[in-house]
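Residue numbers start at 1 and run along the sequence shown. All heavy atoms count here, side chains included; hydrogens, waters and symmetry mates do not.
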Amino acid sequence: MKKQTVIIKNESETAAFGIDLGKRACPGTVIALTGDLGAGKTTLTKAIAQGLGISDMITSPTFNIVKEYDGGRLPLYHFDVYRIGDADEMYELGYEEYFYGNGVCVVEWADLIEDLLPENAVRIQLEYGGEEGERIYRCIF
């Protein structure tokens, strides 16, 4: 796995980064996103979905924990685990079928379930940059 830091200057760069990630994703890809509230996890997820060819409106699954999107070249499973109390809730959801299945999983607040993530998960920590709208992505691919 390689580490890479990417400076994102604006939303169009976020879109380009996410679309590329979506285009390169293969079945079983898990993308683990971490970062503060408002750092852009859902915005990045929307771009990943676009890269997968999914045209549905992507919204945060905060109250559902997982939302499923079909219609692209691979299904997208969008998790928001912010409200997960413990690992048992993930087991009840059948998370393993998602993580090790034929789709792409994007997990927001992934640090809360770090022990359940596959070893080969793509990890992206989103941080605020120094300029307005700027983000720093600390990635492990």
Side-chain angles (χ1 to χ4, degrees), residues 1-91 93-141:
M1 305 207 79
K2 83 174 190 184
K3 291 184 178 187
Q4 181 180 2
T5 299
V6 179
I7 308 295
I8 300 290
K9 300 284 187 194
N10 52 46
E11 256 188 68
S12 65
E13 288 187 12
T14 296
F17 181 89
I19 289 167
D20 182 59
L21 207 51
K23 286 181 177 177
R24 291 188 291 129
C26 56
T29 297
V30 175
I31 302 169
L33 305 179
T34 58
D36 291 336
L37 197 60
K41 295 178 293 294
T42 301
T43 300
L44 180 57
T45 302
K46 290 176 184 181
I48 293 167
Q50 196 176 344
L52 288 167
I54 295 169
S55 57
D56 295 355
M57 172 68 87
I58 306 295
T59 58
S60 181
T62 302
F63 297 104
N64 300 33
I65 300 176
V66 64
K67 284 189 178 176
E68 300 181 21
Y69 300 94
D70 293 310
R73 66 177 184 84
L74 295 170
L76 172 66
Y77 307 117
H78 182 196
F79 287 81
D80 182 330
V81 298
Y82 185 75
R83 287 183 168 71
I84 288 287
D86 60 41
D88 287 344
E89 288 181 61
M90 290 297 290
Y91 286 106
L93 279 174
Y95 84 93
E96 290 169 311
E97 290 180 36
Y98 292 106
F99 284 11
Y100 301 100
N102 292 322
V104 174
C105 295
V106 176
V107 183
E108 296 189 29
W109 303 99
D111 51 321
L112 299 175
I113 60 161
E114 180 66 41
D115 293 346
L116 302 179
L117 295 172
E119 193 175 305
N120 64 344
V122 172
R123 288 167 167 79
I124 303 173
Q125 181 175 340
L126 292 78
E127 301 172 2
Y128 291 101
E131 302 295 320
E132 179 72 30
E134 186 178 86
R135 298 292 185 267
I136 300 166
Y137 293 176
R138 300 194 192 283
C139 310
I140 302 174
F141 295 103

For this session: Mind checking the CZ-OG1 spacing from Arg24 to Thr29? Nearest 0.5 Å is all I need.
Result: 10.0 Å
Seminar exercise, completed: Residue set satisfying ring-ring contact (aromatic ring centres under 6.0 Å, His included) with Phe141, at least two apart, ordered chain then number -> none
For this session: Answer yes or no: does atom CE of Met1 have more than 12 heavy-atom neighbours from other residues, nucleotides or ligands under 6.0 Å?
Result: yes
For this session: Can you measure from OG1 (Thr43) to CZ (Arg135) and round to the nearest 0.5 angstrom?
Result: 8.0 Å
Exercise. Which atom names give the shortest non-hydrogen contact between Val6 and Cys139, and what distance separates them?
Worked result: CG2-SG, 4.4 Å
Problem set entry | Pairs meeting criterion salt bridge (charged side-chain N to carboxylate O under 4.0 Å, His left out) with involvement of residues 115-126, two or more places apart | Glu114-Arg123
Exercise. Would a distance-only check, ignoring hydrogens and angles, find a side-chain to backbone donor-acceptor pair under 3.5 Å from Lys67 to Leu76?
Worked result: no
Problem set entry | From His78 atom NE2 to Thr59 atom OG1, the distance as rounded to the nearest 0.5 Å | 8.0 Å
For this session: Any chance you could measure Thr14, atom OG1, to Ile48, atom CD1, to the nearest 0.5 Å?
Result: 10.5 Å
Problem set entry | Heavy atoms of other groups near Gln4 CD, more than 12 under 6.0 Å | yes
Exercise. Mind checking whether Ile84 and Glu89 have side chains closer than 4.5 Å, heavy atoms only?
Worked result: yes
Which pairs would a plain distance check flag for residues 97-106, meaning a side-chain donor or acceptor within less than 3.5 Å of a matching protein atom at least two apart in sequence or in another chain?
residue : atom : partner : partner atom : Å
Tyr98   : OH   : Glu68   : OE2          : 2.7

Exercise. Is there a donor-acceptor contact under 3.5 Å from the side chain of Arg83 to the main chain of Ile65?
Worked result: no
Problem set entry | Spatial distance of atom CG (Leu44) from atom CG (Leu21) [nearest 0.5 Å] | 6.5 Å
Exercise. What is the minimum heavy-atom distance between Thr45 and Glu108, and which atoms define it?
Worked result: OG1-OE2, 3.8 Å
Exercise. Going from CD1 on Ile113 to CE on Met90, what distance comes out if it is rounded to the nearest 0.5 angstrom?
Worked result: 3.5 Å
For this session: Determine which pairs satisfy ring pair (Phe, Tyr, Trp, His ring centres under 6.0 Å) with at least one residue from residues 19-58, sequence neighbours left out, and list them in order.
Result: none
Seminar exercise, completed: With sequence neighbours left out, the residues meeting side-chain contact (heavy atoms from CB on, under 4.5 Å) with Lys46 are Thr42, Ile58
Problem set entry | Arg138 bridged to Glu127 by N-O distance under 4.0 Å | yes
Problem set entry | Pairwise side-chain contact, Ile124 with Phe17, heavy-atom cut-off 4.5 Å (strictly under) | yes
Exercise. So do Leu74 and Pro27 actually touch side chain to side chain, heavy atoms under 4.5 Å?
Worked result: yes
Exercise. Can you name the ring-ring contact (aromatic ring centres under 6.0 Å, His included) partners of Tyr82, sequence neighbours left out?
Worked result: Trp109
